[in-house]
Student: 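Okay, here's the structure, questions in a sec.
Here the structure is a predicted model, which means the values were calculated and not measured.
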Protein chains: 4
Amino acid sequence: MIEIKKVGDIMSRPIGVNSEDTKQFIVDIATKCFEQKGYSATSMADIKNETNMSKGTIYYHFKNKEELYLYCIQQVSNEFLHNWTMMSKAEHSAEKKLYIWANLNNLVVQKPIMNTLHEYFVATNKNNYDAVIKLYEPEFQIVKDILVEGIESGEFKNDLQVDDIAVLLFNFMTSLDHLDLFDYGTPQKQKKIYRLAIDLILPGLKK
Amino acid sequence: MIEIKKVGDIMSRPIGVNSEDTKQFIVDIATKCFEQKGYSATSMADIKNETNMSKGTIYYHFKNKEELYLYCIQQVSNEFLHNWTMMSKAEHSAEKKLYIWANLNNLVVQKPIMNTLHEYFVATNKNNYDAVIKLYEPEFQIVKDILVEGIESGEFKNDLQVDDIAVLLFNFMTSLDHLDLFDYGTPQKQKKIYRLAIDLILPGLKK
Amino acid sequence: MIEIKKVGDIMSRPIGVNSEDTKQFIVDIATKCFEQKGYSATSMADIKNETNMSKGTIYYHFKNKEELYLYCIQQVSNEFLHNWTMMSKAEHSAEKKLYIWANLNNLVVQKPIMNTLHEYFVATNKNNYDAVIKLYEPEFQIVKDILVEGIESGEFKNDLQVDDIAVLLFNFMTSLDHLDLFDYGTPQKQKKIYRLAIDLILPGLKK
Amino acid sequence: MIEIKKVGDIMSRPIGVNSEDTKQFIVDIATKCFEQKGYSATSMADIKNETNMSKGTIYYHFKNKEELYLYCIQQVSNEFLHNWTMMSKAEHSAEKKLYIWANLNNLVVQKPIMNTLHEYFVATNKNNYDAVIKLYEPEFQIVKDILVEGIESGEFKNDLQVDDIAVLLFNFMTSLDHLDLFDYGTPQKQKKIYRLAIDLILPGLKK
DNA sequence: AATGAATGAGCATTCATTCAT
DNA sequence: AATGAATGAATGCTCATTCAT
């Protein structure tokens with residue numbers, strides 16, 4: 001049984017801290033804050049209050065708010081990739097990989113911060129292709145790989161426009177994080193809808 | 001040929017204004033601002049500068065930033081519904097209606113403001129189901145209607161879970177507004193991807 | 001039986017108004033507003049809302065907030081003097097006049113606005129003797145007159161320092177308007193305390 | 001000889017400040033500002049300008065204007081009580097204590113801020129008995145104590161209504177702060193009138 | 001006489017960030 | 001490494017006042 005690593009499992013300040021622990025502690029709390037209020041609406045004071053650390057300490061570890069935010073994003077993204085590698089390596093069916101991918105998107109609780117990325121790009125006027133793609137690319141690649149594997153193995157149609165469909169699937173899946181706003185609060189309901197998403201898409205992919 | 005009404009066609013301050021014109025002018029500019037920077041990151045000063053009106057005037061017409069934002073949202077939503085009614089009434093195939101719906105999502109240029117709603121709810125801590133659904137419901141209903149019609153006419157599978165799939169489709173479609181961040185800047189590319197989204201989904205719906 | 005005229009008996013906008021009625025209506029409402037929130041904290045918008053008249057109309061009748069305020073003050077002061085003249089002319093005992101004076105201070109419901117004068121002077125930096133005395137003088141004179149009459153008639157001590165004691169009595173009496181903040185809300189309690197004030201002072205005045 | 005402690009003896013920014021000094025410095029200046037213009041008409045910008053500190057610093061030490069104001073009030077009130085305790089403990093005659101009390105009201109130069117309390121209550125709609133009494137009670141108690149002592153020692157009449165008369169005396173005395181508006185600017189004149197106030201009241205109290 | 005749209009200075013408060021200790 | 005005091009620009013919003021109609 002593979003255990004999913006979750007960023008920020010530890011949420012109380014560790015005793016006998018060293019510098020790296022402190023930094024990680026801040027990142028964990030900050031990730032929660034950004035998830036809950038978005039990039040703009042989260043203030044450094046919010047993070048200070050939630051961590052019970054001084055502003056000076058936060059700025060000692062991170063140059064500014066933006067760097068802290070991107071560090072959080074990067075970490076969650078890495079976490080996701082790591083989990084994906086673990087969970088997908090034993091599986092060879094593209095179809096089953098899609099379900100694993102969907103399930104992972106649902107399971108990794110920190111992922112909502114990825115949903116604040118659009119607001120971040122927009123709020124900071126960084127809406128240029130390069131900056132954006134740099135952050136999205138790794139997860140993007142997962143979907144592309146699944147599609148290519150499916151085509152090569154004969155599971156999926158030969159004429160799929162891989163790049164475009166990867167964008168569509170990626171968008172589709174990440175948009176489901178918004179479901180917290182709708183009536184999908186419980187884990188069961190959420191799991192079901194993530195699964196249903198793949199059910200809905202698969203016929204369009206399969207031969 | 002049906003002409004699509006776009007909110008805010010007029011972008012320069014009209015001469016010989018009356019109160020209602022001024023209000024609409026502010027709404028048009030504000031909609032653009034909120035689209036470009038989101039709810040939190042758009043300041044009343046931004047709107048003041050873009051409109052070249054005084055702060056007093058903006059506050060004369062709108063009680064506060066939130067009311068102005070929701071007024072913009074409401075207007076764009078109404079606009080969308082109006083266009084949908086116009087464009088869909090002559091069509092009886094559920095499949096074709098899906099394409100019309102996708103195309104309309106692509107065409108109506110002000111729609112990106114709808115994509116800031118999640119950030120608005122999150123930033124203002126209004127993440128309760130009722131407040132959210134009130135604003136999303138009308139467009140939501142469009143998708144439900146298409147699905148029900150498709151089932152009744154025999155185009156779509158009988159056992160579709162209409163409510164859940166409506167949520168999925170709505171999320172899927174609105175998530176495509178994020179494409180401005182990726183390499184889909186040109187109208188042609190965008191039109192293609194909106195169409196492709198329906199191509200991808202349809203096999204999962206059809207008998 | 002003498003009927004006490006109260007400023008602002010009419011509190012609903014008169015039908016078939018003429019200009020003077022409108023002006024008086026504004027003054028009545030404004031007096032209430034200034035009483036309730038003081039000079040600084042009462043905004044022209046408050047008065048507009050309470051009167052349901054337009055800002056334009058208020059500024060048509062009064063040059064600015066200050067002029068409106070002083071008009072209210074003047075009217076209440078005149079009202080008080082008028083009532084005093086009516087109620088005191090039949091009385092010849094200085095002692096009894098003091099009680100009538102105290103009672104009148106209690107009865108005239110608009111008087112609290114006089115208690116905002118100090119804040120007005122202080123907020124507008126008009127703390128020069130002349131401006132102040134001009135507004136206080138008439139009521140001031142009432143007290144002086146009573147004292148002089150009492151001395152001349154032999155009721156009061158010969159060596160009273162009339163000017164200083166007049167100031168003290170005037171301050172004493174007007175300070176009682178602050179009693180609304182304490183536990184003296186009911187008319188009975190208030191009447192009692194105004195009377196008690198004179199009971200307390202009289203031995204110091206009488207031979 | 002007892003030296004009267006005055007809040008805010010230091011009025012220029014101390015060198016080598018620590019946090020507590022800065023806070024006290026702000027309080028001293030703010031007290032002066034509130035005295036001079038009242039609660040509503042004193043802006044945080046006024047206090048910033050007078051202190052030559054940044055707005056951020058003021059808000060670092062005090063949550064908001066109201067908290068700063070109440071802190072000033074509290075400090076002045078404590079100061080007064082402290083001085084009263086010092087100056088009155090050696091004295092056993094109720095009559096003499098009244099003169100000491102009056103003299104102290106005159107001497108403690110920061111007291112005018114207490115005169116802005118009515119405007120504060122009124123401007124902030126906090127005109128409920130409990131909020132008010134909480135701030136007035138301590139000084140109120142001084143007067144009650146003097147009266148009770150005077151009755152018990154046989155100096156004052158047995159049948160004095162202590163509570164009511166305490167209110168009257170307290171109001172009377174604090175109203176004298178308004179004398180700055182009249183022709184009582186010099187210390188000599190002020191001292192005289194505070195003394196005269198007690199001269200006037202005493203016959204009503206004594207057997 | 002009366003209106004209400006428009007103005008911009010001013011308001012209390014929050015912000016990300018700096019820096020001496 | 002960590003602190004918390006200090007900064008001043010920026011924020012959302014209110015204000016008294018003006019003026020064309």
Side-chain angles (χ1 to χ4, degrees), chain A residues 17-23 26 40-48 52-68, chain B residues 16-23 26 40-48 51-68, chain C residues 17-23 26 40-48 52-68, chain D residues 16-23 26 40-48 51-68:
Chain A
V17 285
N18 61 33
S19 178
E20 203 48 49
D21 287 346
T22 304
K23 186 170 182 176
I26 293 169
S40 308
T42 297
S43 71
M44 293 303 265
D46 289 338
I47 295 164
K48 167 192 117 48
N52 283 318
M53 317 224 69
S54 71
K55 282 197 173 185
T57 301
I58 299 171
Y59 275 92
Y60 175 80
H61 288 286
F62 301 95
K63 207 177 72 193
N64 53 34
K65 180 178 166 181
E66 192 167 6
E67 201 179 70
L68 169 56
Chain B
V17 285
N18 62 31
S19 179
E20 204 49 51
D21 287 347
T22 303
K23 186 170 183 178
I26 293 169
S40 307
T42 297
S43 73
M44 292 305 264
D46 290 339
I47 295 166
K48 169 193 109 61
T51 55
N52 283 318
M53 317 224 70
S54 70
K55 280 197 176 188
T57 299
I58 298 171
Y59 277 92
Y60 177 80
H61 289 285
F62 301 95
K63 208 177 72 196
N64 52 36
K65 180 178 165 181
E66 191 167 8
E67 201 180 72
L68 169 56
Chain C
V17 285
N18 61 34
S19 178
E20 202 49 49
D21 287 345
T22 303
K23 186 170 182 176
I26 293 168
S40 306
T42 298
S43 72
M44 293 302 266
D46 289 338
I47 294 165
K48 166 190 115 50
N52 283 318
M53 317 225 68
S54 70
K55 282 198 172 184
T57 301
I58 298 171
Y59 275 91
Y60 175 80
H61 288 286
F62 301 95
K63 206 176 74 194
N64 52 35
K65 180 179 165 180
E66 192 167 6
E67 200 179 71
L68 169 56
Chain D
V17 283
N18 61 32
S19 179
E20 204 49 51
D21 288 346
T22 304
K23 187 170 182 177
I26 293 169
S40 307
T42 298
S43 73
M44 292 304 263
D46 289 339
I47 295 165
K48 169 192 109 61
T51 55
N52 282 319
M53 317 224 71
S54 70
K55 282 195 174 189
T57 300
I58 299 171
Y59 277 92
Y60 177 80
H61 289 285
F62 300 95
K63 208 178 71 195
N64 52 36
K65 181 179 163 180
E66 190 167 7
E67 201 180 71
L68 169 55

Student: Measure the shortest side-chain to side-chain distance between B/H61 and B/S19 over non-hydrogen atoms and say whether it is less than 4.5 angstrom.
Tutor: yes
Student: Could you state the atom-to-atom distance from CD1 of D/I26 to P of F/dA6 in whole Å?
Tutor: 7 Å
Student: Can a side chain N or O of D/H61 be found less than 4.0 Å away from OP1 or OP2 on F/dA6?
Tutor: yes
Student: Using whole Å, what does the distance between atom P of nucleotide E/dG4 and atom CG of B/D21 come to?
Tutor: 18 Å
Student: What is the distance, to the nearest angstrom, from the NZ atom on D/K23 to the P atom on F/dA6?
Tutor: 12 Å
Student: Between the protein and nucleotides 13-16 of chain F, which nitrogen or oxygen pairs come in under 3.5 angstrom?
Tutor:
{"unit_1": "F/dC13", "atom_1": "OP2", "unit_2": "B/Y59", "atom_2": "OH", "d": "2.9"}
{"unit_1": "F/dC13", "atom_1": "OP2", "unit_2": "B/K65", "atom_2": "N", "d": "2.8"}
{"unit_1": "F/dC13", "atom_1": "O5'", "unit_2": "B/Y59", "atom_2": "OH", "d": "3.4"}
{"unit_1": "F/dC13", "atom_1": "N4", "unit_2": "B/K55", "atom_2": "NZ", "d": "2.9"}
{"unit_1": "F/dA16", "atom_1": "OP1", "unit_2": "C/T42", "atom_2": "O", "d": "3.4"}
{"unit_1": "F/dA16", "atom_1": "OP1", "unit_2": "C/K65", "atom_2": "NZ", "d": "3.0"}
{"unit_1": "F/dA16", "atom_1": "OP2", "unit_2": "C/M44", "atom_2": "N", "d": "2.8"}

Student: Please report the closest heavy-atom contact between D/T51 and D/I26, naming both atoms and the distance.
Tutor: CG2-CA, 4.2 Å
Student: For C/E66, check salt bridge (charged side-chain N to carboxylate O under 4.0 Å, His left out) against everything at least two apart and list the hits.
Tutor: C/K126
Student: Does A/K23 make a cation-pi contact with A/F62, if we ask for NZ or CZ under 6.0 Å from the ring centre and within 45° of the axis?
Tutor: yes
Student: Kindly give the heavy-atom pair with the smallest separation between D/K65 and D/T42, and that separation in Å.
Tutor: NZ-O, 2.8 Å
Student: Within this structure, what is the NZ-CE distance for the pair D/K55 and D/M44, rounded to the nearest 0.5 Å?
Tutor: 8.0 Å
Student: If the cut-off is 4.0 Å, is C/T22 near the phosphate of E/dA2, judged by side-chain N/O to OP1 or OP2?
Tutor: yes
Student: Can you see if the side chain of B/S19 gets near the phosphate of E/dG4 - specifically, an N or O under 4.0 Å from OP1 or OP2?
Tutor: no
Student: Distance check needed: F/dT21 P versus C/Y60 OH, whole Å only.
Tutor: 19 Å
Student: Report the distance from atom CD of B/E67 to atom P of F/dG12, rounded to the nearest whole Å.
Tutor: 15 Å
Student: Starting from the 5' end of DNA chain E, give me the residue, B/T57 or C/I58, whose nearest nucleotide shows up first.
Tutor: C/I58
Student: Would you say F/dA6 has OP1 or OP2 under 4.0 Å from some side-chain N or O of D/S54?
Tutor: no
Student: Do B/E67 and B/N64 have side-chain heavy atoms sitting under 4.5 Å apart?
Tutor: yes
Student: How close or far is atom C1' of F/dT11 from atom NZ of B/K48, stated in whole angstroms?
Tutor: 13 Å
Student: Return yes if some donor-acceptor pair links the side-chain N/O of C/K48 with the main-chain N/O of C/I58 below 3.5 Å, else return no.
Tutor: no
Student: Using a 3.5 Å cut-off on both pairing distances, which stems of three or more Watson-Crick or G-U pairs include DNA chain F?
Tutor: E:2-21 with F:2-21
Student: Just the rounded figure in Å: distance from C1' of F/dT7 to CG of D/N52.
Tutor: 14 Å
Student: Are side-chain heavy atoms of B/L68 and B/I47 found at a separation under 4.5 Å?
Tutor: yes
